[in-house]
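Notes for the one structure printed next.
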Amino acid sequence: MSTLDLQQRLSALRTSPPDTGFERRLHNALLREANVMVAAQHRPVRVLSAPRRWFWGFAIAALAISGSATAMWAVHTLRHEAPPPGAPLQQIPSQALPASKPKPTMHSPVVPPPPDVPAQAEQLAPVVPVVPLPSKTGQTPRPAQTFVEDKSQSSSLTNESLDSDSVEPPVPELRRLDIPRELPARNLAQHERTVAATRTRPELHLPEHASGKSVERKETATKRREQRRERSRRNSAEKAERGLERAREAQQQHVRQR
Amino acid sequence: MSELPKPNDLIQQARNGDPSAFEELVRPHLDSLRRFVFSLSGTWHDADDIAQEALIKAFRSFGTYDQRAALSTWLYTIARSSCIDWRRSRIGKVRPHEPLDEALPATAPHADEILETKRDAERLWQAIGQVDEKFRVALVLFDIEGASYEEIARIEDVPVGTVRSRLSRARAQLQEQLNPLKSGVVATTGGASQLAKVARG
């Protein structure tokens, strides 16, 4: 088949395609599309006016700032109110505490506490002897202490303050009562052995300023440094002399050769 | 495929989103556009869908039509890219060319002529469907739709020399496809049954 024949046959295919309702479908589709385009053009775009934008901006910023400030305050408060790690939580019996009263101010009359309160507190406050543990450094252990609220002092203070019309009435101080745990006999013996072994070489644990060793060490270091400097000065002087001698010899040799 | 001068007001109206003006503009190109898409898709059903999609795209972006090229060239370009998109969306679902006995219109008055025309057209379309798509576009646009080399080059975005070589290769491939078909189709049962059907009706 020649190319011409082929072209003729192909051009014969240029007939109208079958009627499948394409034009009608296209017409409807175009109308739909036009409606969509018109709707998209006329769709109102909601834009906030400038004052509203400012208002909402400030509101959001204020909320953010106050939120972060609250969070920081909460963290700070929690951190400062938290008991030290390892401290046993001690709940003071409510009867031992004086009834909470408003703090007297400069202008408010000071009402003395009822006389039965200290006695009651003394009666109810637990008296716990603290057994001191021997320290590792071999220092003399402190005598056994009993952390009991000094009622007489506090009451006297209260009286004094009341007498002198003090502004701040003493608030009874709440001390943490250290309740020692009893060590088992085995642990205690082991601990004593450890302490005894430590006592044999107390200088290891003594602070430097106490033993005067740091001063000695400093002096020694200064001496060594001076010696080192002296030695290096001497060496450099020797070297210089040797160099001079060598130069002189070389000069003499040169003169001799000439 | 000469472009008749279109009144500028129609173009302006179409740019403003008037669908009837756009329809007026594209109506002369609808048949050739559908044939072109059919040559790439294989069925008239798919061809209609793709052509409609391409025309909707053209309507949507008619504001970008700068009239430097003919409207038919612009439409062919859009149709070509729509065909590529359609082909990508249907990877693995390739359908063969549908038989043309229902698709092709009956133009010849006598039954024998009708049958012969149909058979020839079917053979040809089947053979065209076997040609490489890259070469098929040039063949369909040049030999069937009557586009020029320059127009095809613009549609395919290739140099004119490439169009020429593609056309030559397409013709060679088509001839290779037609020669065995010519000898085999007459003896097929399909051809005999069609003959009997036409003779009855």
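Throughout, protein chains are lettered first and strands after them, A, B, ... in sequence-line order, and every chain is numbered starting at 1. Side chains are part of it too, since the values below use all heavy atoms of this structure and drop only hydrogens, waters and symmetry mates.
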Counting only heavy atoms closer than 4.5 Å, note whether B:R171 contacts chain A via side chain, backbone, both or neither. both
Verdict with reasoning, B:R27 to A:E23, per side chain to side chain contact (heavy atoms under 4.5 Å, CB included): CA-CA 8 Å; B:R27 188 167 288 131; A:E23 281 195 45; 3.5 Å; yes
Give me the atom names and distance for the closest heavy-atom approach of A:F22 to B:Q52. CE1-N, 3.7 Å
More than 12 non-hydrogen atoms from neighbouring residues, nucleotides or ligands closer than 6.0 Å to CZ on A:R242, yes or no? yes
Could you grab the distance from atom CD of B:E23 to atom NE2 of A:H27, nearest 0.5 Å is fine? 5.5 Å
CG-CG distance between A:D5 and B:L178, expressed to the nearest 0.5 angstrom: 11.5 Å
Which atoms of B:D49 approach chain A - backbone, side chain, both or neither, heavy atom under 4.5 Å: both
CG on A:L26 to CZ on B:F22, rounded to 0.5 Å: 7.5 Å
Shortest non-hydrogen contact between A:L10 and B:I144, atoms and distance: O-CG1, 3.6 Å
Could you tell me the separation between the CG atom of B:L124 and the CZ atom of A:R9, rounded to the nearest 0.5 Å? 4.5 Å
Before giving the answer on side chain to side chain contact (heavy atoms under 4.5 Å, CB included), spell out for B:Q175 and A:L6 the whole-Å C-alpha distance, their side-chain angles and the decisive distance to 0.1 Å. CA-CA 8 Å; B:Q175 278 184 340; A:L6 187 67; 4.0 Å; yes
Let me know if B:L30 has heavy atoms under 4.5 Å from chain A in its side chain, its backbone, both or neither. side chain
B:A172 versus chain A, heavy atoms under 4.5 Å apart: side chain, backbone, both or neither? neither
Take A:L13 and B:D143 through the test side chain to side chain contact (heavy atoms under 4.5 Å, CB included) and record every step on the way to the result. CA-CA 9 Å; A:L13 289 177; B:D143 283 337; over 6 Å; no
Would you indicate whether B:D66, at its atom CG, is surrounded by more than 12 heavy atoms from other residues, nucleotides or ligands within a distance under 6.0 Å? yes
